[in-house]
Amino acid sequence: MNKKKILQLCTFLVLTNTFLTTFSNSATAREKAPTQTTLIQKTIEQAYTKFKPVQDGQNASYIPYLAKADSALYGIAIVTVDGQVFKVGNADHNFPVESVSKIFTLADVLQKKGADTILRKVGVNATGLPFNSVLAIELNNDKLGGSPPAGNPLVNAGAIATASLVEGKTVEAKWKSVLDTASAFAGHPLHLNEDVYQSEMASNQHNQAIAILLHSYDALYADPMETVDLYTRECSYDVNALDLATMGATLANGGTNPRTHLPVVNATTSAHVLAVMATAGLYNTTGEWLFKVGLPGKSGVGGGIVAVVPGKLAIGVYSSRLDTAGNSVRGQLAVQFIAEALGANIFSSKAQ
Ligand code: GLN
């Protein structure tokens, strides 16, 4: 073979190879898309059916509005980073966001004030104690945990300290900032549930005590009662499982809402929020959650849970009965089942 012939042969082989690779890639993509879609829908339907009969746990009893929630309601939603939506059960039923809101207010403050403010003024370490623990403030104040007194932004003390850092001249301006950010995460305007807000304002003496205690340690950065009011409003806007999945998918997608395509926060803020969720999202049982599920998650006593698979998708679940730590029982079971079925554990070498 002369040089020219060899060159022609090589060119032919390269072109053939490129054609075959391109063809087989697009064939795989074509086959993969419906398969993945079917798998996700099938998986959430299985999780729904499997855990529907579970009656364990109880509605939050210390907030009158939540005590009377219909515990038969149960919904699951998944939103992917390319904007696909999957739902089953009561995924459109509205319920109070409660502590899940803490991650979106944290995102608002991180984005506007920077990570250093949260590290120095609130802290990001696990407390190992219940979400409304006053003892945790005392322990942290003695520097036993090496953290500021508030602990971290996802327990009540830290969420109240974070609320005190929200920008705005008046409580109304701060509330607008919190609600606007949460709404951008959800992709539509969210609304205060006035009944929940009134119910919590009439029964939030413990949170008032936390705010005053933080204030006494110079660890609250605005007026205590005004901050408790803002924090209580933040717990009282309504969401549904689909909203939680969309809000979580925004974090999974580096801070851009995959349904509206609008940027909400930057990728650094998203990563910081997910790190704090992995540390403290399910309060004193976060370790067990991470061990079993392997995903950053956040729960609320309203019965909502969001779990995030970074770069891929988020799962939102609603079911009002809670375990003793304050986490939805069916919510945890459903997310664990789905994470296993989709191979989503971020610590698994087999993660898909
Ligand atoms: N509003 C509730 C409280 O402050 C939120 C607690 C929660 O969801 N864990 O107690």
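Sequential numbering from 1 along the given sequence is applied to the chain's residues. We count ligands from 1, going down the list as the structure has it; atoms in each ligand are counted the same way.
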ask   = Taking atom types as modelled, is there a side-chain donor on Tyr65 or Asn193 under 3.5 Å from an acceptor on the other?
value = yes
remark   = Checking Asn152, Asn156, Thr162 against Lys102 for side-chain hydrogen bond (donor to acceptor under 3.5 Å, both in side chains), the one that qualifies is Asn156
task = Please could you name the atoms of ligand 1 that Cys235 approaches to less than 4.0 Å, counting only its heavy atoms?
result = 1 (N)
query = If you count the atoms of ligand 1 from 1 in the order shown, which ones are under 4.0 Å from a heavy atom of Gly300?
reply = 8 (O)
query = Counting only heavy atoms, which portion of Asn207 has something under 4.0 Å from ligand 1: side chain, backbone, both, or neither?
reply = side chain
Minimum-distance protein heavy atom relative to atom 2 (C) of ligand 1 = Glu98 OE1, 3.2 Å
request  = Would you indicate whether the side-chain heavy atoms of Val335 and Ile338 approach each other to under 4.5 Å?
outcome  = no
key: Lys52 atom NZ, neighbour heavy-atom count above 12 within 6.0 Å   = yes
Per-atom contacts of ligand 1 with Glu200, taking only distances under 4.0 Å to non-hydrogen atoms = 1 (N), 2 (C)
Residue and atom name of the nearest protein heavy atom (relative to atom 9 (N) of ligand 1), distance in Å to one decimal = Tyr283 OH, 2.7 Å
query = Would a distance-only check, ignoring hydrogens and angles, find a side-chain to backbone donor-acceptor pair under 3.5 Å from Asn59 to Ala69?
reply = yes
key: Donor-acceptor contact present, side-chain Ser183 to main-chain Pro189, <3.5 Å   = no
task = Give a yes/no verdict on whether any heavy atom in Gly326 is under 4.0 Å from an atom of ligand 1.
result = no
query = Of the protein's non-hydrogen atoms, which lies at the shortest distance from atom 3 (C) of ligand 1, and what is that distance?
reply = Tyr62 OH, 3.3 Å
ask   = Is the shortest N/O to N/O distance between Ser299 and ligand 1 below 3.5 Å?
value = no
remark   = Nearest non-hydrogen protein atom to atom 7 (C) of ligand 1, with distance, is Ser99 OG, 2.6 Å
task = Name the orientation class of the two ring planes belonging to Tyr48 and Tyr74 (parallel below 30°, tilted from 30 to 60°, perpendicular beyond 60°).
result = parallel
ask   = At the 4.0 Å heavy-atom cut-off, does Asn132 count as touching ligand 1?
value = no
task = Indicate, with yes or no, if Ile78 and Phe337 share a hydrophobic cluster defined by side-chain heavy-atom contacts under 4.5 Å among Ile, Leu, Val, Met, Phe, Trp and Tyr.
result = yes
query = Polar-atom distance check: Phe131 versus ligand 1, any N or O pair below 3.5 Å?
reply = no
ask   = Is it true that Glu98 and Lys298 have a side-chain N and a carboxylate O under 4.0 angstrom from each other?
value = no
Under-4.0 Å heavy-atom contact with ligand 1, by part of His206 that carries it = neither
